[in-house]
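The structure displayed is predicted, hence computed values, not measured ones. Hydrogens, waters and symmetry mates are skipped; everything else that's a heavy atom, side chains included, is used.
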Amino acid sequence: MHNSFQVFSFALFFVGYLMLFTLSCDRAKQQNDNKFTNYFRQGELLYTKHCSNCHQADGSGLGRLYPPLKQSDYMNENFEQVLCLMRNGIRGELTVNGVQYNQAMPGVPTLTDLEIAEIATYIYNAWGNERGLVDVKEAERILNTCGGE
């Protein structure tokens with residue numbers, strides 16, 4: 001009788017532990033989902049303010065003047081460089097999807113690391129992209145390696 005009580009107690013403890021573990025995982029996932037949603041929404045606002053005039057609201061670019069971000073091989077292959085470009089801009093030739101662009105892109109040096117992470121979260125998850133959250137810590141690490149223009 002004593003042995004079956006111990007087994008029952010252990011089983012009850014184990015089930016309780018699993019429930020707590022599951023709830024904490026659900027909370028962590030929900031917090032991460034909320035963080036992604038917040039970054040994405042804020043990134044969309046910032047993109048509209050700072051980027052859409054040239055790259056267009058739908059990320060399609062503007063003819064041969066400004067390259068597309070939507071379905072962009074350059075963007076997908078040069079993640080760290082793209083973050084640096086947001087702050088520092090670029091001069092000179094750039095090839096996107098096999099097309100040469102040579103229009104200077106001014107950076108926005110006043111953007112914070114968080115704002116760049118938010119814009120990156122937006123552009124890397126809009127228009128069919130699915131990169132996920134670009135956390136401010138990742139953006140900060142990358143931006144600390146960028147040289148100025």
Side-chain angles (χ1 to χ4, degrees), residues 10-149:
F10 177 76
L12 190 59
F13 170 77
F14 186 71
V15 169
Y17 177 78
L18 283 177
M19 288 175 61
L20 284 174
F21 180 74
T22 302
L23 287 173
S24 67
C25 288
D26 287 346
R27 264 193 223 113
K29 183 182 180 327
Q30 183 179 18
Q31 287 173 337
N32 197 39
D33 289 348
N34 288 342
K35 186 174 185 179
F36 172 83
T37 300
N38 290 338
Y39 271 51
F40 186 88
R41 287 180 181 160
Q42 188 61 30
E44 183 177 20
L45 295 173
L46 290 163
Y47 174 84
T48 299
K49 179 179 179 181
H50 297 288
C51 314
S52 68
N53 192 45
C54 296
H55 295 289
Q56 305 305 295
D58 66 356
S60 63
L62 187 59
R64 295 193 56 126
L65 287 177
Y66 301 106
L69 303 181
K70 176 181 176 178
Q71 299 174 336
S72 165
D73 62 349
Y74 182 88
M75 195 174 94
N76 291 327
E77 295 167 8
N78 298 282
F79 173 73
E80 293 187 2
Q81 183 66 19
V82 169
L83 270 62
C84 293
L85 293 177
M86 288 183 210
R87 177 163 292 155
N88 300 322
I90 188 171
R91 294 187 188 284
E93 213 168 80
L94 191 71
T95 302
V96 179
N97 300 335
V99 177
Q100 299 286 331
Y101 295 89
N102 199 5
Q103 184 72 28
M105 177 183 144
V108 186
T110 57
L111 288 173
T112 66
D113 294 351
L114 175 59
E115 290 170 327
I116 289 175
E118 291 167 336
I119 294 170
T121 296
Y122 175 69
I123 66 173
Y124 278 95
N125 291 282
W127 316 306
N129 295 315
E130 295 181 6
R131 188 179 196 284
L133 177 71
V134 178
D135 191 82
V136 65
K137 291 176 185 168
E138 180 181 16
E140 180 181 24
R141 177 188 60 76
I142 292 166
L143 292 165
N144 284 335
T145 68
C146 302
E149 188 174 7

Is a side-chain donor or acceptor of W127 paired with a backbone partner of Q71 at a separation under 3.5 angstrom? no

Run the side chain to side chain contact (heavy atoms under 4.5 Å, CB included) check on V134 and Y39 step by step: do they pass? CA-CA 8 Å; V134 178; Y39 271 51; 5.8 Å; no

Which heavy atom in I116 sits nearest to a heavy atom in M86, and how many Å separate them? CG2-SD, 3.7 Å

CG-CD distance between L83 and E140, expressed to the nearest 0.5 angstrom: 12.0 Å

Mind listing the closest non-hydrogen atom pair of A104 and R91 along with its distance? CB-NH1, 3.8 Å

Which heavy atom of L46 sits nearest to which heavy atom of I119, and what is that distance? CB-CG1, 3.6 Å

Just wondering, are more than 12 heavy atoms of other shown residues or ligands nearer than 6.0 Å to CZ in R41? no

Which distance, rounded to the nearest 0.5 Å, do you find between the OH of Y122 and the CG of L69? 9.5 Å

Output for pair (L94 CG, L85 CG), nearest 0.5 Å, gives 7.0 Å

So E77 and S72, do their side chains get closer than 4.5 Å, heavy atoms only? no

Is Y74 close to Q81 at the side-chain level, that is, under 4.5 Å between some pair of heavy atoms? yes

Is there a side chain to side chain contact (heavy atoms under 4.5 Å, CB included) between L133 and E138 once you walk through the steps? CA-CA 10 Å; L133 177 71; E138 180 181 16; over 6 Å; no

More than 12 heavy atoms of other residues, nucleotides or ligands under 6.0 Å from CD of E93: is that the case? yes

Residue N76 excluded, over 12 heavy atoms near CG under 6.0 Å: yes

In short, H55 meets Y47 closest at the heavy-atom pair CB-OH, 3.3 Å

Rounded to the nearest 0.5 angstrom, the CG-NZ distance for L114 and K137 is 12.0 Å

Would you indicate whether the side-chain heavy atoms of T121 and F36 approach each other to under 4.5 Å? yes

Is any side-chain heavy atom of Y124 closer than 4.5 Å to one of F40? no

Approximate separation, where rounding is to 0.5 Å, of E44 CD and E118 CD: 12.5 Å

Is the shortest heavy-atom distance from the side chain of Q103 to the side chain of Y66 under 4.5 Å? yes

Minimal non-hydrogen separation, D113 against A139, with atom names: O-CB, 3.9 Å

Any side-chain heavy atom of V96 within less than 4.5 Å of one from D73? yes

Note, N129 side chain near M75 side chain (heavy atom, < 4.5 Å): yes

What one should report as the nearest heavy-atom pair of N97 and P68 is ND2-CG, 3.9 Å

Would you check if V82 and I123 make a side-chain contact, meaning some heavy-atom pair closer than 4.5 Å? yes

Below 4.0 angstrom, N of the basic side chain to O of the carboxylate: do R87 and E115 qualify? no

